[in-house]
Amino acid sequence: MATIHIAEIQNILAERGELDALPHSPEGYFLEIRFDDPQHPSKVVDEEMKDKVFTADCSYGSVTIQFDSQGQLKSIDLS
């Protein structure tokens, strides 16, 4: 299994010039990890998770987990 930490993702994005990926950035803090890919749509439908949104607090701030109209994981947002 591959593992990557949020801090590593933040550093990669900051190196690309996306400074809002870093906490305490003058531009504000926002990090979105996308899981949907229009080029490779899933054929699996999870009726229970369709269009659901969950929000929780974590050590990085507030986390929002979004599912799409098929019930597939769409994104995880940290702010």
Side-chain angles (χ1 to χ4, degrees):
M1 170 176 41
T3 302
I4 189 164
H5 294 94
I6 296 298
E8 293 165 326
I9 295 171
Q10 291 171 317
N11 289 334
I12 291 167
L13 293 172
E15 287 172 5
R16 288 188 352 198
E18 299 180 39
L19 298 179
D20 62 343
L22 295 173
H24 313 294
S25 170
E27 298 173 14
Y29 173 58
F30 181 79
L31 177 64
E32 178 182 44
I33 303 168
R34 297 294 300 252
F35 293 88
D36 57 338
D37 184 352
Q39 294 180 347
H40 301 94
S42 174
K43 295 183 181 5
V44 178
V45 176
D46 186 341
E47 295 289 337
E48 187 177 335
M49 300 306 289
K50 282 184 173 183
D51 297 315
K52 296 258 178 150
V53 177
F54 297 96
T55 303
D57 291 324
C58 76
S59 59
Y60 291 100
S62 179
V63 178
T64 302
I65 302 170
Q66 299 178 1
F67 296 85
D68 65 15
S69 62
Q70 298 294 307
Q72 300 298 305
L73 180 60
K74 179 178 179 179
S75 69
I76 298 175
D77 310 317
L78 301 172
S79 57

Counting C-beta onward and ignoring hydrogens, is there a side-chain heavy-atom pair between Gln72 and Asp36 closer than 4.5 Å? no
Co-membership, hydrophobic cluster, residues Phe35 and Phe30, 4.5 Å side-chain: no
With side-chain contact (heavy atoms from CB on, under 4.5 Å) as the test, would you mind laying out the steps for Ile6 and Ile33 before giving the verdict? CA-CA 10 Å; Ile6 296 298; Ile33 303 168; 3.9 Å; yes
Taking the side chain as everything from C-beta on, heavy atoms only, tell me whether Thr64 gets closer than 4.5 Å to Val53. yes
How about Lys50 and Ser69: do any of their side-chain heavy atoms sit closer than 4.5 Å? no
Across all chains, not counting sequence neighbours, the side-chain hydrogen bond (donor to acceptor under 3.5 Å, both in side chains) partners of Glu8 are none
Following the transitive rule for hydrophobic clusters with a side-chain heavy-atom cut-off under 4.5 Å over Ile, Leu, Val, Met, Phe, Trp and Tyr, establish whether Leu13 and Leu19 coincide in one cluster. no
Connected via hydrophobic side-chain network under 4.5 Å: Leu78 and Ile9: yes
After noting the C-alpha distance and the side-chain angles of Val63 and Ile65, does the key distance pass the side-chain contact (heavy atoms from CB on, under 4.5 Å) rule? CA-CA 7 Å; Val63 178; Ile65 302 170; 4.1 Å; yes
Please give me the minimum heavy-atom distance between Thr55 and Ser62, naming the atom from each residue. CG2-OG, 3.7 Å
Please give me the minimum heavy-atom distance between Met49 and Phe67, naming the atom from each residue. O-CB, 3.2 Å
Using side-chain contact (heavy atoms from CB on, under 4.5 Å), reason through Gln66 and Asp77 one step at a time and then give a plain yes or no. CA-CA 8 Å; Gln66 299 178 1; Asp77 310 317; 3.3 Å; yes
With sequence neighbours excluded, residues passing side-chain hydrogen bond (donor to acceptor under 3.5 Å, both in side chains) with Lys52: none
Taking the side chain from Gln10 and the backbone from Ala21, do they hold a donor-acceptor pair closer than 3.5 Å? yes
